[in-house]
Amino acid sequence: MARYIKEVTLNQPDDFVQYIMSDFLSKHGFNLVNFKGEQVYRSGGGLIEIPKFLVWGYQNGVFHVEAWTRTVWLPGVYGKENAMTGFMGCIPKEAYKTDIESLIRLLHQPLNNTSPNQGVSPNQGMAPGANPGGGQTIYVQATDMSKYASMSLVFAIIGLVLAFLSPILGVILGALGITYGKKAMNSPKKGMATAAFVIGIIGVVISIIMWVLNFLLLMS
C-alpha cells in the first residue's frame with residue numbers, strides 16, 4: 001500500500017467528529033463504496049478528476065485516517081495505490097494531502113458556545129439539532145470550499161489560453177478548472193466557481209478540437 005496515514009489524539013466528542021467528517025466528505029463528493037472488499041470513501045471517477053480514496057475511524061479520542069489515489073486505465077479498471085508524492089498527478093495529489101491536513105486542523109478546533117453570528121460564515125456551523133457533548137448547541141468552523149474558487153479560475157483561464165498553443169496542457173488545466181470549480185460551487189464564491197467550471201469546459205473542448213485538427217494536418 002502507498003497510503004498517506006495520520007493518527008492523532010483529539011479527545012473531542014464523537015458527534016462533533018462525526019459532523020465534521022460528514023460535512024467534509026459531502027462537500028468533497030465522497031461516497032461510501034465497497035472497493036476490492038474494503039469499505040472506503042471514493043471521490044472522482046478518473047475521466048476528469050483523479051480517483052481519491054479515504055478511510056477513517058475514531059475511537060477512544062484517537063482519530064485515524066488513510067488517504068490515497070489510484071490511476072484509472074479503463075472505466076472500472078484501476079491501477080495500484082499511488083503515493084501522495086511524485087510527479088504523476090502531483091497537483092491534485094498535493095491538493096488532496098492539503099485537504100486532509102486542513103481537516104485535521106478543523107478536528108482540533110476548540111468547542112465554544114457561540115451564536116451563529118459570531119465568526120460563522122454562511123457555509124459553516126453545526127447542522128440543526130447537532131449538539132456535541134450533549135449540552136448547548138455549539139457552532140463550529142466547518143469545511144470551507146471557497147479556496148478552490150480562485151484556484152479553479154486560474155487553471156481554467158490558463159487552460160483556455162494554452163488550448164490554442166498546447167492542447168495537451170489545455171486539457172489538463174481545463175480539467176483542473178472543471179474539477180476545482182465544481183468543488184467551490186458549494187461555497188460563498190459560487191459565481192466565481194461557476195465561471196471557472198464553464199471556462200474549463202470551453203478550454204477542454206477547444207483543446208480537443210485543436211488536437212484533432214493538428215492530427216489531421218500531420219496526416220495530410
Side-chain angles (χ1 to χ4, degrees), residues 4 6 20-31 41-54 65 67-72 82-109 119-125 140-208 210:
Y4 176 73
K6 294 283 287 188
I20 293 295
M21 288 306 303
S22 297
D23 181 71
F24 174 87
L25 294 169
S26 174
K27 289 179 179 176
H28 283 277
F30 281 93
N31 294 298
Y41 288 93
R42 182 180 65 192
S43 174
L47 182 61
I48 293 179
E49 182 180 4
I50 184 172
K52 298 186 290 292
F53 297 82
L54 183 147
V65 63
W68 68 99
T69 66
R70 282 182 180 268
T71 303
V72 176
N82 296 326
M84 301 285 271
T85 57
F87 178 76
M88 185 64 69
C90 59
I91 295 177
K93 286 193 294 188
E94 184 60 30
Y96 185 27
K97 183 178 177 181
T98 300
D99 288 337
I100 299 299
E101 293 170 348
S102 297
L103 168 64
I104 292 174
R105 286 194 293 271
L106 285 176
L107 290 167
H108 272 296
Q109 68 182 286
V120 181
S121 67
N123 66 326
Q124 297 174 325
V140 301
Q141 182 180 2
T143 301
D144 187 358
M145 306 298 285
S146 298
K147 65 179 182 180
Y148 287 111
S150 56
M151 184 188 304
S152 62
L153 190 59
V154 170
F155 282 134
I157 292 174
I158 297 176
L160 180 60
V161 173
L162 291 180
F164 299 94
L165 305 174
S166 175
I168 294 178
L169 291 177
V171 168
I172 294 174
L173 293 174
L176 289 173
I178 294 170
T179 299
Y180 293 129
K182 183 178 179 181
K183 288 179 179 293
M185 286 183 185
N186 189 12
S187 78
K189 296 184 179 180
K190 182 178 179 180
M192 183 184 295
T194 302
F197 185 81
V198 173
I199 294 172
I201 291 176
I202 295 173
V204 169
V205 171
I206 293 177
S207 296
I208 294 174
M210 295 300 296

task: Name all residues meeting the salt bridge (Lys or Arg N to Asp or Glu O under 4.0 Å) criterion together with Arg42; count only those two or more places apart in sequence or in a different chain, and write none if there are none.
output: none
Least distance between heavy atoms, Val204 atom then Ala175 atom: CG2-N, 3.7 Å
Short side-chain to backbone donor-acceptor contact, Lys93 and Thr69, under 3.5 Å: no
query: At their closest point, which heavy atom of Ala156 faces which heavy atom of Gly200, and how far apart are they?
result: CB-N, 3.7 Å
- prompt: So how far is it from Ile199 CD1 to Ile206 CD1, rounded to the nearest 0.5 Å?
  reply: 10.5 Å
field: Spatial distance of atom CE (Met21) from atom CZ (Phe30) [nearest 0.5 Å]
entry: 8.5 Å
task: Of all the heavy-atom pairs spanning Leu173 and Gly159, show the shortest one and how long it is.
output: CB-CA, 3.7 Å
message: One pair to check against side chain to side chain contact (heavy atoms under 4.5 Å, CB included): Lys147 and Thr98. What are the steps and the verdict?
response: CA-CA 12 Å; Lys147 65 179 182 180; Thr98 300; 4.3 Å; yes
- line: When every non-hydrogen atom of Gly181 is compared with those of Ala193, the smallest separation belongs to O-CB, 3.3 Å
Ser22 backbone acceptor or donor facing Ser26 side chain under 3.5 Å: no
message: Nearest 0.5 Å, please: how far is NZ in Lys97 from NZ in Lys52?
response: 16.0 Å
statement: When rounded to the nearest 0.5 Å, the distance separating CE of Met145 from NE2 of His28 is 4.0 Å
- prompt: Taking only residues two or more places apart in sequence or in another chain, which ones pass side-chain contact (heavy atoms from CB on, under 4.5 Å) with Ala149?
  reply: Ala184, Lys189, Met192
query: Counting only N and O atoms by type, is there a donor-acceptor contact under 3.5 Å from the side chain of Gln109 to the main-chain atoms of Gln141?
result: yes
field: For the student: nearest non-hydrogen atoms of Ile208 and Val171, plus distance
entry: CG1-CG2, 4.4 Å
message: Would the distance check show the side chain of Ser152 and the main-chain N or O of Ala196 forming a donor-acceptor pair, the cut-off being under 3.5 Å?
response: no
message: Nearest 0.5 Å, please: how far is CZ in Phe24 from CG in Leu54?
response: 6.5 Å
- line: The reported gap from CD1 in Ile50 to CG in Leu176 (rounded to nearest 0.5 angstrom) is 10.0 Å
task: Give a yes or no on whether a salt bridge exists between Asp99 and Lys27, defined as a side-chain N under 4.0 angstrom from a carboxylate O.
output: no
